Amino acid sequence: MVNYGGGVERQKAEACVHKAFDVGINTIDTANVYGRGAAESLLGEILQGIDRSSYILATKVYFPMSDTDRGLSAAQIYKQIDASLQRLRTDYVDLYQCHRYDENTPLGDFK
């Protein structure tokens with residue numbers, strides 16, 4: 001997880017990702033809410049030119065991205081994954097996770 005946009009400077013975040021690859025770490029875990037998208041955007045830049053099949057990319061959804069965009073409704077999941085993919089500059093993530101349980105969204109909403 002690179003929490004860029006929330007306390008980690010860009011240069012250090014980039015060095016961390018490259019060092020991780022250098023020592024054999026191949027799983028990148030982030031979330032849309034880290035830096036309100038800044039961490040995903042930075043990772044999208046850093047990962048350009050690296051073979052997409054050489055790493056596992058995970059991100060998360062739940063926390064507010066704006067006053068109206070939050071939670072785990074089907075509409076929010078679709079909206080937020082599209083935004084995450086755009087920031088990450090990729091066509092897919094390997095693991096999409098719920099950052100928290102959403103008591104305001106009925107489980108049946110995921111049909």
Side-chain angles (χ1 to χ4, degrees):
M1 173 195 80
V2 175
N3 201 349
Y4 175 73
V8 178
E9 298 170 3
R10 179 190 173 89
Q11 199 171 30
K12 289 181 181 180
E14 190 168 356
C16 181
V17 171
H18 288 297
K19 182 66 173 181
F21 282 126
D22 290 346
V23 299
I25 295 170
N26 71 343
T27 302
I28 305 295
D29 179 30
T30 190
N32 64 340
V33 73
Y34 299 157
R36 291 273 171 111
E40 288 181 334
S41 293
L42 176 67
L43 284 167
E45 292 174 27
I46 294 170
L47 297 172
Q48 289 296 291
I50 299 174
D51 179 12
R52 180 62 185 86
S53 67
S54 70
Y55 59 90
I56 297 165
L57 183 58
T59 194
K60 301 175 204 72
V61 62
Y62 170 79
F63 288 108
M65 290 298 286
S66 73
D67 290 340
T68 57
D69 291 324
R70 64 171 39 122
L72 298 175
S73 69
Q76 276 302 303
I77 289 173
Y78 287 119
K79 181 177 184 175
Q80 296 304 324
I81 190 61
D82 287 344
S84 288
L85 292 171
Q86 187 173 29
R87 286 187 295 267
L88 289 163
R89 300 180 186 192
T90 189
D91 294 335
Y92 68 97
V93 294
D94 299 289
L95 179 62
Y96 196 44
Q97 305 167 86
C98 300
H99 218 145
R100 296 279 189 278
Y101 179 74
D102 184 355
E103 294 179 359
N104 297 313
T105 301
L107 291 177
D109 193 44
F110 296 104
K111 293 180 183 177

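For clarity, every value in this text was computed on a predicted model and none was experimentally measured. Computed over heavy atoms, backbone and side chain alike; hydrogens, waters and symmetry mates excluded.
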Point to revise | CA sep, side-chain torsions, deciding dist, call: Glu40, Thr30, side chain to side chain donor-acceptor pair (under 3.5 Å) | key: CA-CA 7 Å; Glu40 288 181 334; Thr30 190; 5.3 Å; no
Exercise for review: Show your working on side chain to side chain contact (heavy atoms under 4.5 Å, CB included) between Leu107 and Tyr101 and close with a plain yes or no.
Suggested key: CA-CA 10 Å; Leu107 291 177; Tyr101 179 74; 4.1 Å; yes
Review point. Going through the checks in order, is the side chain to side chain contact (heavy atoms under 4.5 Å, CB included) test met by Asp91 and Arg52?
Key: CA-CA 10 Å; Asp91 294 335; Arg52 180 62 185 86; over 6 Å; no
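The residue from Val93, Thr27, Asn26, Leu85 that alone fulfils the side chain to side chain contact (heavy atoms under 4.5 Å, CB included) condition with Leu57 is Val93. Tested against Val33 for a side chain to side chain contact (heavy atoms under 4.5 Å, CB included), the candidates Gln80, Arg70, Met65 yield a single pass: Met65.
Listed here is the closest heavy atom pair of Pro64 and Arg36: O-NE, 3.3 Å. Closest of all the heavy-atom pairs between Asn32 and Ser84 is CB-OG, 3.6 Å. Nearest heavy atoms, Tyr55 versus Phe21: CB-CE2, 3.6 Å. Heavy-atom minimum distance, Gly71 versus Gln76: O-CB, 3.8 Å. Of all the heavy atoms in Ile50 and Ser54, the pair that sits closest is CG2-OG, 3.7 Å. The minimum heavy-atom distance between Thr105 and Leu72, with the atom names listed, is CG2-O, 3.6 Å.
The shortest distance between side-chain heavy atoms of Arg87 and Leu43 does not fall below 4.5 Å. No side-chain heavy atom of Ile81 sits less than 4.5 Å from a side-chain heavy atom of Val61.
Environment of CG in Asp82: crowded, with over 12 heavy atoms of neighbouring residues, nucleotides or ligands closer than 6.0 Å. Counted within 6.0 Å of CD on Gln86, heavy atoms from surrounding residues, nucleotides or ligands total 12 or fewer; the atom is thus considered open. Within a 6.0 Å radius of CD in Glu103, other residues, nucleotides and ligands contribute 12 heavy atoms or fewer.
Here Gln48 contributes atom CD and Leu88 contributes atom CG; the two are 10.0 Å apart, rounded to the nearest 0.5 Å. To the nearest 0.5 Å, atoms OG1 (Thr59) and CG (Leu95) are separated by 9.5 Å. Between atom CD1 of residue Ile77 and atom OH of residue Tyr62 there is a gap of 12.0 Å, rounded to the nearest 0.5 Å.
When atom types are taken as modelled, the side chain of Arg89 and the backbone of Leu47 share no donor-acceptor pair closer than 3.5 angstrom. Of the possible donor and acceptor atoms, none in the side chain of Asp94 sits under 3.5 Å from a partner among the backbone N and O of Ala58.
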